[in-house]
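All remarks here apply to the structure that follows.
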There are 2 protein chains.
Amino acid sequence: MRRDSRLSRMLHVLIHMDRHSKRMTSETIAQMLGTNAVVVRRTMAGLKKQGYVRSENGHGGGWELARDLAGISLLDVYLAIGAPSLFAIGPSSENPACLVEQAVDTALDDTMRNAERLLRARFAEVTIADLASDFDQRYAALQSSGEICAVKA
Amino acid sequence: MRRDSRLSRMLHVLIHMDRHSKRMTSETIAQMLGTNAVVVRRTMAGLKKQGYVRSENGHGGGWELARDLAGISLLDVYLAIGAPSLFAIGPSSENPACLVEQAVDTALDDTMRNAERLLRARFAEVTIADLASDFDQRYAALQSSGEICAVKA
DNA sequence: TTATCTGTAACATATAAAGTAACGAAACCC
DNA sequence: GGGTTTCGTTACTTTATATGTTACAGATAA
């Protein structure tokens with residue numbers, strides 16, 4: 001399978017929603033992400049459940065932020081999309097009978113757990129507003145006035 | 001795809017090879033790992049190329065250690081099997097044109113790079129001999145005299 | 001009522017590790 | 001030498017899972 005890009009995509013979307021006055025439809029967001037509207041709804045469902053975004057049906061409907069970006073951390077988003085597995089490596093089996101394998105897997109597991117703790121701690125430190133201001137700096141640096149992801153910022 | 005278990009498997013094998021006086025055939029190792037002899041040869045090829053193990057053809061042939069386990073770190077093994085990607089998450093595209101996406105991916109990438117550095121540093125600290133002594137403790141604690149992975153330790 | 005939306009279910013695709021079959025080459029035994 | 005064992009390698013198939021797609025029901029506004 002490909003690398004899981006849901007976290008990256010949701011952060012991307014949230015920032016655009018913040019800079020976008022009107023509601024954005026799944027279709028608009030999908031084009032922005034280079035994907036499909038169903039994929040967008042599927043992934044955004046978790047953010048909605050956690051109250052980070054709202055969605056409205058019908059004419060003029062779509063998605064909008066339900067909270068300030070300064071109040072949402074990367075960890076919040078990561079958890080909202082279901083806290084998918086961070087690592088591509090792991091033990092060879094769940095419950096090995098072999099004591100050697102148990103020792104190896106325990107050691108690896110400890111190391112991976114530590115790494116996961118650090119990653120989560122780091123995610124918790126950064127708000128989406130922080131990322132947005134990173135974008136502002138890039139934008140100012142380039143002094144560009146063109147299109148940004150097919151959606152004006 | 002499944003979680004990559006090559007590192008776990010190779011560590012497992014190396015410890016067994018250390019406790020096993022005779023050479024072990026790919027088939028024997030495969031049974032120990034619950035897999036196939038070709039998978040074993042394929043994965044062990046990297047360890048052989050780095051000089052951690054040797055293999056001999058024909059009658060009485062098979063695999064044997066070429067270096068003391070105290071001289072091989074987890075990082076050595078990880079690198080030997082091709083330093084596969086550690087993370088299951090990543091950016092949505094390689095070269096995003098969108099500045100928002102660039103900011104998001106850069107921030108995530110920094111975080112992941114830090115995590116990778118920490119993981120590699122930790123892997124470098126631990127030798128296979130360290131893992132083997134973990135096993136010894138488990139073994140002593142259980143006072144078991146039975147089979148261990150179909151291969152007596 | 002009709003055109004837009006979201007929400008879901010159901011199914012198809014892509015990717016890479018893992019699994020499998022086949023065969024050649026090397027080393028050993030008789 | 002001839003047969004057997006074992007590695008080395010190629011060329012597949014399988015598997016798991018995020019992603020992509022189609023279809024359709026339900027909700028909302030003009």
Side-chain angles (χ1 to χ4, degrees), chain A residues 1-10 12-13 17 22-49 52-64 66 78 81-94, chain B residues 1-10 12-13 17 22-49 52-64 66 78 81-94:
Chain A
M1 109 199 101
R2 302 173 178 95
R3 231 116 156 258
D4 186 335
S5 61
R6 285 177 288 183
L7 177 59
S8 166
R9 280 179 158 173
M10 289 303 96
H12 183 182
V13 169
M17 285 173 66
K22 287 177 293 191
R23 279 198 276 253
M24 299 175 75
T25 68
S26 303
E27 186 56 42
T28 304
I29 295 173
Q31 284 170 18
M32 195 176 78
L33 297 181
T35 181
N36 186 288
V38 176
V39 174
V40 172
R41 291 186 203 117
R42 189 189 287 158
T43 314
M44 303 270 288
L47 301 188
K48 179 177 181 177
K49 185 173 291 182
Y52 303 138
V53 298
R54 268 187 300 266
S55 64
E56 298 291 342
N57 282 5
H59 269 291
W63 299 85
E64 63 186 349
Y78 169 71
I81 61 177
S85 172
L86 291 173
F87 301 108
I89 71 176
S92 44
S93 67
E94 288 304 315
Chain B
M1 107 197 105
R2 301 176 178 93
R3 232 120 154 253
D4 186 336
S5 60
R6 284 176 289 182
L7 177 59
S8 164
R9 280 179 157 172
M10 288 303 97
H12 183 182
V13 168
M17 284 172 68
K22 287 176 291 189
R23 280 197 275 254
M24 299 175 74
T25 68
S26 303
E27 187 57 43
T28 303
I29 294 172
Q31 284 171 14
M32 195 175 76
L33 296 180
T35 180
N36 186 288
V38 176
V39 173
V40 172
R41 291 187 201 117
R42 188 189 287 156
T43 314
M44 302 270 286
L47 300 189
K48 180 178 180 176
K49 185 174 289 181
Y52 303 140
V53 297
R54 270 189 299 267
S55 64
E56 298 291 343
N57 280 5
H59 268 291
W63 299 86
E64 63 186 348
Y78 169 72
I81 61 176
S85 171
L86 291 173
F87 300 108
I89 71 176
S92 45
S93 66
E94 289 302 317

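Numbers restart at 1 for each chain; the letters A, B, ... are given by sequence-line order, proteins then strands. The figures that follow rest on heavy atoms only: side chains count, while hydrogens, waters and symmetry mates do not.
One can place NZ of A/Lys48 at 4 Å from P of C/dG7, the figure rounded to the nearest angstrom. Separating the CG atom of B/Asn36 from the C1' atom of D/dT13 is a distance of 12 Å, rounded to the nearest angstrom. One interatomic measurement links the two molecules: CD of B/Glu27 to P of D/dG8, which rounds to 15 Å at whole-angstrom precision. Rounded to whole Å, atom C1' of D/dT5 lies 15 Å from atom NZ of B/Lys22. Nucleotide D/dG20 holds its C1' atom 17 Å from the CD1 atom of A/Ile29, rounded to whole Å.
A heavy-atom distance below 4.5 Å is not found between the side chains of A/Thr28 and A/Trp63. The shortest distance between side-chain heavy atoms of A/Met44 and A/Ser55 does not fall below 4.5 Å.
A sub-4.0 Å separation between OP1 or OP2 of C/dG7 and a side-chain N or O of A/Ser55 is present. Residue A/Arg41 places no side-chain N or O under 4.0 Å from the OP1 or OP2 atom of C/dG7. Checking the phosphate oxygens (OP1, OP2) of C/dA17, no side-chain nitrogen or oxygen of B/Ser5 falls inside 4.0 Å. Dashed line: the shortest gap from a side-chain N or O of A/Thr35 to OP1 or OP2 of D/dG20 is under 4.0 Å. The phosphate of C/dA10 has neither OP1 nor OP2 within less than 4.0 Å of any side-chain N or O from A/Arg42. The side chain of B/Ser26 contributes no N or O atom lying less than 4.0 Å from OP1 or OP2 of D/dT6.
As judged by a 4.0 angstrom heavy-atom cut-off over every strand, B/Arg23 is placed among residues making no nucleic acid contact.
Checking D/dA18, D/dT6, C/dT6 against the side-chain heavy atoms of A/Arg6 singles out D/dA18 as nearest. Taking the side chain of B/Val38 as heavy atoms from C-beta on, and the options D/dT21, C/dT6, C/dA21, the nearest nucleotide is C/dA21. Out of C/dA25, D/dA29, D/dG20, the shortest distance to the side chain of B/Asn57 is found at C/dA25.
Residues B/Ser8 and B/Ser5 have side chains that never bring a donor and an acceptor to within less than 3.5 angstrom of each other. Judged by distance alone, the side chains of A/Ser92 and B/Arg9 never bring a donor and an acceptor atom under 3.5 Å apart.
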